[in-house]
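Notes follow once the structure below has been shown.
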Amino acid sequence: MGKGKLAKFDDLSQMPHVFQNFSWSDPQLINYQKEAVNYNGRWATDFFQNGQPIILELACGYGEYTMAMAEHLPNHNIIGVDIKGNRIWTGARYIQEKQLTNAAFVRTTIDLIHHFFGAAEISEIWIPFPDPHNRHSKQNKRLTSPKFLELYRKILMPDGVIHLKTDSDLLYKYTLEVVEKEGCTIIENYRDLYNSPFANPLLSVSTRYERLNISGADTIKYVQFRLGQK
Ligand SMILES: C[S@@+](CC[C@H](N)C(=O)[O-])C[C@H]1O[C@@H](n2cnc3c(N)ncnc32)[C@H](O)[C@@H]1O
């Protein structure tokens, strides 16, 4: 039988590469020694101690992209971010078992992401299969809404890149509209990624939600863009 949620939470709280925030009003990251730590602007030097560029996987769920990037991009540091500890546990256990030293997980709501990373600290943001939040009234919760792009602007390098992979037509179209309105620069854009000429081995990584295909879509969409300055 698999581990229960409580046992996973207990495991997570003892992992040196997992940091958890438990507060909206006083955001801080708690490490495995139950200490509040602040690596804001210093993740590469003080936590990873290798000076490598940092890539975030937002809404990482089980952390498939964090696992794959940690293995395939050894010259980068990868941090998976999600609010659900029992999901993060899968990726965190994998990183531990493989003894990878270039990956970590942050358990927090992404709405607070700017509290945990410094200005221009992040080189890329990957957002694989985020919730599309189909209802119009929930569009501010979409991770490519102007509200979230504003947060990413605080932590991304000026030439930093955002990758969205989704099965949702609604989220894909919405993102293209936001990207245009916000004056972002589209680098790659495919409505049918797997029948496109674009080749990036990372994009063949299939996540739990890609396999679930909740939207029932016939294609996987991919948009890569730069925020640009405001
Ligand atoms: C549809 S699942 C996708 C998970 C994973 N990327 C995949 O493809 O399997 C969306 C994930 O986003 C997380 N999530 C949604 N909104 C979030 C937020 N504001 N802050 C942190 N995590 C969030 C959820 O906990 C969930 O794990």
Side-chain angles (χ1 to χ4, degrees), residues 2 5 8-9 12 18-25 27-30 55-72 78-95 103-117 122 124-135 137-156 162-172 174-175 178 193-194 200 202-217 219-224:
K5 263 192 190 181
K8 288 180 180 176
F9 292 156
L12 270 193
V18 174
F19 301 87
Q20 308 194 63
N21 168 50
F22 300 100
S23 171
W24 266 94
S25 54
Q28 53 181 348
L29 293 184
I30 307 297
I55 300 177
L56 294 185
E57 182 195 6
L58 297 184
C60 70
Y62 302 85
E64 287 93 340
Y65 270 82
T66 299
M67 296 186 248
M69 288 195 277
E71 287 186 315
H72 293 112
I78 323 297
I79 303 180
V81 183
D82 202 288
I83 190 66
K84 295 204 171 146
N86 58 316
R87 292 187 178 172
I88 280 182
W89 179 87
T90 303
R93 266 291 293 268
Y94 183 89
I95 296 298
F105 287 88
V106 168
R107 182 182 172 206
T108 181
T109 175
I110 295 160
D111 308 61
L112 298 173
I113 197 77
H114 54 301
H115 290 277
F116 306 127
F117 299 96
I122 304 301
E124 289 179 44
I125 292 178
W126 284 74
I127 318 176
F129 299 88
D131 299 301
H133 292 289
N134 290 330
R135 283 170 52 191
S137 60
K138 299 270 183 194
Q139 60 180 344
N140 279 344
K141 289 183 178 290
R142 296 176 189 154
L143 292 180
T144 52
S145 68
K147 180 189 108 175
F148 279 99
L149 296 193
E150 210 41 55
L151 297 185
Y152 308 155
R153 192 170 268 118
K154 291 180 197 285
I155 60 173
L156 257 182
I162 299 178
H163 308 253
L164 171 75
K165 194 180 174 195
T166 181
D167 52 351
S168 163
D169 267 310
L170 181 139
L171 185 66
Y172 171 67
Y174 170 82
T175 301
V178 171
L193 174 67
Y194 295 141
N200 175 345
L202 277 176
L203 284 168
S204 64
V205 172
S206 172
T207 68
R208 183 84 56 109
Y209 276 81
E210 175 166 357
R211 292 190 296 278
L212 284 175
N213 189 15
I214 288 172
S215 73
T219 63
I220 299 299
K221 296 92 184 152
Y222 171 70
V223 189
Q224 185 190 126

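Nothing fancy with the numbering, it's 1 onward along the sequence. Given the structure is predicted, the values throughout are model-derived calculations rather than measurements. For ligands, and for the atoms within them, numbers begin at 1 and follow the listed sequence.
For the atom pair W126 CH2 and T66 OG1, the distance stands at 11.0 Å (nearest 0.5 Å). Interatomic distance, I79 CD1 to I55 CD1, rounded to the nearest 0.5 Å: 10.5 Å.
Cation-pi geometry between R87 and F105 is not satisfied (NZ or CZ under 6.0 Å from the ring centre, within 45° of the ring normal).
Every protein residue with a heavy atom nearer than 4.0 Å to ligand 1 is included here: A59, C60, G61, D82, I83, K84, R87, T108, T109, I110, D111, P128, F129, D131, T207, R208, Y209.
Between E150 and K147, none of the side-chain N atoms (NZ, or NE/NH1/NH2) sits under 4.0 Å from a carboxylate O, so this pair counts as no salt bridge.
Applying the side chain to side chain contact (heavy atoms under 4.5 Å, CB included) test between R135 and each of K138, Q139, H133 identifies K138 as the sole match.
Judged as a ring pair (Phe, Tyr, Trp, His ring centres under 6.0 Å), and not counting sequence neighbours, F129 has no contacts.
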